[in-house]
K.L.:
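Let me give you the structure first, and then I'll get to my questions.
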Amino acid sequence: MAEMLMETVKRLQSRLRDNPESRKLLKTLKRLRDVPMTVDILVETGVGKTVNSYRKHEAVGEAAKSLVTKWKKLVPQTADRANSHVKEPSHSHRGHKRPREPSPEEGGSYAEAEERGYHTIYSPSPPQHKQYSPQQEGRYQSDQYESPEPEPSPPPPPPPRKDLHHIKPNKEPSKNHHHKDGERQRQQQQHTEVRRSNEKSREWHQSPPQKTAKHMKTTTTSAHDRKEEKKKGGDCSEGRRQQKETQPQKVEDDYETPTMSFESFLTYDAPTVVKKKKKSSSQQQQQQLPPSSSHSRPSQSSSSTFSSSRGTRSPQPSSSSSSSKYIKTNGSQSTKRSHPDSSTEALPTPEKRRRVVEEMPMLPEIPLPAIQPNYRPLPSMDVTPLSPQRRKGPVCNDEDDAGFTGKRLNSKMVVYSGSKTAYLPKMMTLYEQCIRVLQNNIDSIAEVGGVPFDILEPVLERCTPEQLYRIEELNQCFTEDSNELWRRHCQHDFKRESRKEYESWRELYLRLHDEREARLRLLTQNITSAHANKPKVRQAKIAFEDSFAKPPRDVRRRQEKFGTTSGSSAASTFAACPIKPKAAAPSVHPAEPSGPSSSQFIPAPSSSRSSGPSAAAVGAVALGKPQPKKKAPMMAKTIKAFKNRFSRR
Amino acid sequence: MSDGEERACEGPDSMYVKLISSDDHEFIVKREHALVSGTIKAMLSGPGQIAENETNEIKFREIPSHVLSNVCEYFTYKAQHTNSSTEVPDFPVSPEISMELIIAANFLDC
């Protein structure tokens, strides 16, 4: 009878796997429900797992869930017993790993278990797999919902087992676990482990004892998270989770970075702070597991990644656990790693966060100048005693503000605002100030008024000959006195010349200047004439002025098609080159379609324009009226096509 | 300003002096400031009994008010920055009046 049941169950299970149709699935699930399921069957066939995989199915999800819960109830006793077992070989990783995790020995065993489990992944043993999967799965799910209760109480021993079991709940990891556990072959232990592990499996990734703690705390959250995550489904882990292959999980692990620092960096911003210690301890424990670390690293990183991604979502380690859950789904090993990873994450994350937080306040302070207590607005003219301190004040304030920037605390850095010439070396009289201003604005000096030459001499000294000449023109009185200035100019510009008799320096300068100008003009004329005689290097010419320009083949085809072929060169060119007509047409003759046709071959738009009218004229003369009408559709096309490009040249 | 004293130009030791521009604008400035100008100094404290000594008023028939006001500003500027270790900024002179100002400065010797 049992065998028949077994066969039936197996058959239905295979049907489940093979038929993705919801109707048939529903049918099969119904049949399974009617079957008097036993724990043995569940274990052997692993049908619980299969059904569990449809948990999230659109139509049959509900049925699958109910079925799984129903089956879970079948194995309540075994789950309780799992806690009692301390060191179970645990087919599932969890089982093995959990007992090992709390202690270094366990860690070692964990590693072994992981390794074995790892191996088993690739070499699944069906019976073991089946055994473990249903139990674990059932427990896993039940544990999920039971999470808050069992976790908090027993710390180390149960957590390890629970962790182990916990890992299994995921379909994939459970499978893996099964494989791994197959070697262990402790179904009962598994059961108990599964239960506990389910509860804490989430945490299992993290270090066993700490993980368990985490699990306790996180199980609740993880349970929630898991649900959330499941719902969200956006996580890659979930996607992976869906995958029921170990290899992809492994591949994922490989992709993940193995360094802890990376995790911590990932979770840098994660708000998880609560379970630092646990996480750290878990991390440490995990780190103690060297062989597992190899596996765990990728999983850790993955878990860390997940947790980091989750961290933002849920501020508690539950996020990490939730992420670890996902990782678990990917693979038991990965999940295991995720646990330690999450724990590890928790540790470096809060630390780094703290560190970063400490550093953060410094940053914004740097660019902003602190409002110094000694700040004073610009003093008025009457505040004489304060003026000496004015400039030194800001400098000192910078130094006084200890918390300002931390820079230049002891250096004496005089800050100048404005150019050096802004401040005069000595006190200038009003006269000197005025001279200064006038020197800066020589060109603005028009009529001086009654100002004697002597007063303005410093200003005029700075004049160029042109300026001096202009001022003299406006103020003839200066002419008499400016001889010296002209002498200087002559010596500067015309060193070799000497003045004639009765010639003032001014006259000399003017004469020489005029002579020079004349010479320059002559030279310029000679050059321009010489250039005029030379052949021009560049010249704009009209192409195809008289001859006929052969249009490209496709254009010719279009011409024939639309009847836009024109006998004259202008017309044909216009039809042949739709590009330029648009450009030239609006600029030259918007109403002259033939004009631009010839402009196509002319490089410069101006020349094209110039040739446009001529070509237009030619075209118009040659073809007469029908041409414009024929070109209308082409013109419209070109205008439309090149509206923006050749709008206006 | 609380000088504790009226802004009076009476008496030989009054604190203030009055400078009158060509257009009868009266500028009352501190005596010590005005003494920056050599000409004014000579007028006020020179030998002989000049009317200015009594009334402490000086009339400038060639200097218009817009120029004289700048002159008074220069007095203050000079008083502030003299004996100042800090850098001295330029005295702002607008180019439009620079010509007239230079004449006044030349006359007043300041």
Side-chain angles (χ1 to χ4, degrees), chain A residues 376 378-396 414-460 471 474-475, chain B residues 1-3 15-16 19 22 27 29-30 32-41 60-64 66-110:
Chain A
R376 287 191 212 92
L378 289 176
S380 60
M381 298 283 274
D382 295 334
V383 188
T384 312
L386 294 173
S387 59
Q389 301 173 9
R390 205 194 318 147
R391 204 172 301 115
K392 287 180 184 174
V395 179
C396 298
V414 183
V415 179
Y416 292 101
S417 64
S419 61
K420 263 191 177 178
T421 56
Y423 293 119
L424 307 174
K426 61 156 188 161
M427 174 63 68
M428 284 171 65
T429 65
L430 187 57
Y431 173 75
E432 290 166 355
Q433 303 266 15
C434 294
I435 291 291
R436 184 179 51 79
V437 172
L438 284 169
Q439 283 169 351
N440 294 337
N441 301 291
I442 288 176
D443 291 331
S444 314
I445 297 174
E447 288 199 347
V448 173
V451 184
F453 176 84
D454 299 327
I455 294 177
L456 291 175
E457 187 169 355
V459 178
L460 297 173
I471 291 171
L474 296 169
N475 307 283
Chain B
M1 269 194 342
S2 59
D3 301 320
M15 206 168 167
Y16 296 91
L19 308 175
S22 60
F27 296 87
V29 297
K30 277 192 175 177
E32 58 187 7
H33 289 184
L35 294 179
V36 167
S37 159
T39 314
I40 294 174
K41 187 176 181 181
F60 297 104
R61 293 204 191 87
E62 306 87 12
I63 305 178
H66 62 279
V67 177
L68 192 55
S69 62
N70 270 49
V71 174
C72 293
E73 283 176 17
Y74 176 78
F75 290 154
T76 316
Y77 160 87
K78 167 119 192 223
Q80 177 187 359
H81 291 101
T82 306
N83 303 328
S84 164
S85 52
T86 60
E87 294 186 20
V88 179
D90 287 346
F91 180 70
V93 176
S94 62
E96 293 83 14
I97 64 165
S98 59
M99 261 325 156
E100 294 165 301
L101 193 58
I102 199 167
I103 297 169
N106 187 49
F107 174 73
L108 291 173
D109 184 28
C110 64

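Numbers restart at 1 for each chain; the letters A, B, ... are given by sequence-line order, proteins then strands. All heavy atoms count here, side chains included; hydrogens, waters and symmetry mates do not.
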K.L.:
Can you tell me how far CG of A:Leu430 sits from CG of B:Asn70, rounded to the nearest 0.5 angstrom?
P.N.:
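Rounded to the nearest 0.5 Å, the CG-CG separation comes out at 8.0 Å.
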K.L.:
Between A:Val437 and B:Asp90, is a side-chain contact (heavy atoms from CB on, under 4.5 Å) present by the stated rule, with each step listed?
P.N.:
CA-CA 10 Å; A:Val437 172; B:Asp90 287 346; over 6 Å; no
K.L.:
Look up atom OG in B:Ser98 and atom CD in A:Gln439, then write down how far apart they are to the nearest 0.5 Å.
P.N.:
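Nearest 0.5 Å value for the OG-CD distance: 11.0 Å.
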K.L.:
Contact between A:Ile445 and B:Met99 at the side-chain level, heavy atoms closer than 4.5 Å - yes or no?
P.N.:
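The answer is yes; the side chains approach within 4.5 Å.
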K.L.:
Is a side-chain N or O of A:Tyr431 found less than 3.5 angstrom from the main chain of B:Ala105, in a donor-acceptor match?
P.N.:
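It does not hold such a pair.
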K.L.:
Under 4.5 Å, counting heavy-atom pairs only, tell me which of A:Ile455, A:Asn441, A:Ile435 racks up the most with chain B.
P.N.:
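Option with the top pair count is A:Ile455.
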K.L.:
Looking only at non-hydrogen atoms, find the nearest pair between B:Tyr74 and A:Thr429 and report the distance.
P.N.:
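Of all heavy-atom pairs spanning B:Tyr74 and A:Thr429, the closest is OH-CA, 2.9 Å.
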K.L.:
Most heavy-atom pairs under 4.5 angstrom with chain A, which of B:Leu108, B:Val93, B:Ile102?
P.N.:
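Of the options given, most contacts go to B:Ile102.
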K.L.:
Within a strict 4.5 Å, meaning less than it, do heavy atoms of the B:Leu101 and A:Gln433 side chains meet?
P.N.:
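They are not in side-chain contact.
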